[in-house]
**Q** 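The structure is given below, and queries will be raised subsequently.
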Amino acid sequence: MRTDPRDAGCDETMEMLDVYAELLASGHHPSERFPGLRAHLLACGPCSENLEGLLAAITDEPPSGPSTS
């Protein structure tokens, strides 16, 4: 199994998760600005779940599955 060399890792992802979520919630594509975070969110279930929960809190909508645009 190979990891994406762009993968930012859990620590960096958690530091920037609120910014990433805010960009997603406002209709932007944070994966263009933060490709390392996107790579990590695609590979790490717990971090992806944290993003889903944060998005649900920001948008007042229930989580709908992975959203890493």
Side-chain angles (χ1 to χ4, degrees):
M1 186 183 240
R2 299 179 91 187
T3 58
D4 189 330
R6 296 172 297 174
D7 189 326
C10 291
D11 290 339
E12 184 177 340
T13 299
M14 287 295 100
E15 285 181 32
M16 298 299 297
L17 197 62
D18 59 330
V19 174
Y20 197 95
E22 288 285 345
L23 288 169
L24 271 176
S26 65
H28 293 90
H29 298 281
S31 60
E32 295 169 4
R33 186 171 174 190
F34 301 107
L37 269 61
R38 181 177 188 275
H40 182 73
L41 291 165
L42 289 172
C44 182
C47 286
S48 182
E49 289 175 11
N50 286 339
L51 175 61
E52 290 175 36
L54 189 52
L55 281 171
I58 291 170
T59 61
D60 293 326
E61 294 179 14
S64 61
S67 178
T68 60
S69 294

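Hydrogens, waters and symmetry mates are skipped; everything else that's a heavy atom, side chains included, is used.
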**Q** With sequence neighbours excluded, tell me which residues meet side-chain contact (heavy atoms from CB on, under 4.5 Å) with Glu12.
**A** Ala8, Leu37

**Q** Kindly compute the distance separating CZ (Arg38) from CD (Glu32), expressed to the nearest 0.5 Å.
**A** 10.0 Å

**Q** Going by heavy atoms in the side chains, are Met14 and Cys47 under 4.5 Å from each other?
**A** yes

**Q** With sequence neighbours left out, what residues match Asn50 under side chain to side chain donor-acceptor pair (under 3.5 Å)?
**A** none

**Q** Between Leu17 and Leu54, what is the shortest heavy-atom contact and its length?
**A** O-CD2, 3.7 Å

**Q** Not counting sequence neighbours, which residues clear side-chain contact (heavy atoms from CB on, under 4.5 Å) with Ala25? List them please.
**A** Leu55, Ile58, Thr59

**Q** Please report the interatomic distance CG(Leu24) to CD(Glu52), rounded to the nearest 0.5 Å.
**A** 11.0 Å

**Q** Do Arg33 and Tyr20 pass the side-chain contact (heavy atoms from CB on, under 4.5 Å) test, and can you show the C-alpha distance, the side-chain angles, and the key distance before you say yes or no?
**A** CA-CA 9 Å; Arg33 186 171 174 190; Tyr20 197 95; over 6 Å; no

**Q** Got a sec, which residues hit side chain to side chain donor-acceptor pair (under 3.5 Å) with Arg6, two or more places apart in sequence or on another chain?
**A** Asp4

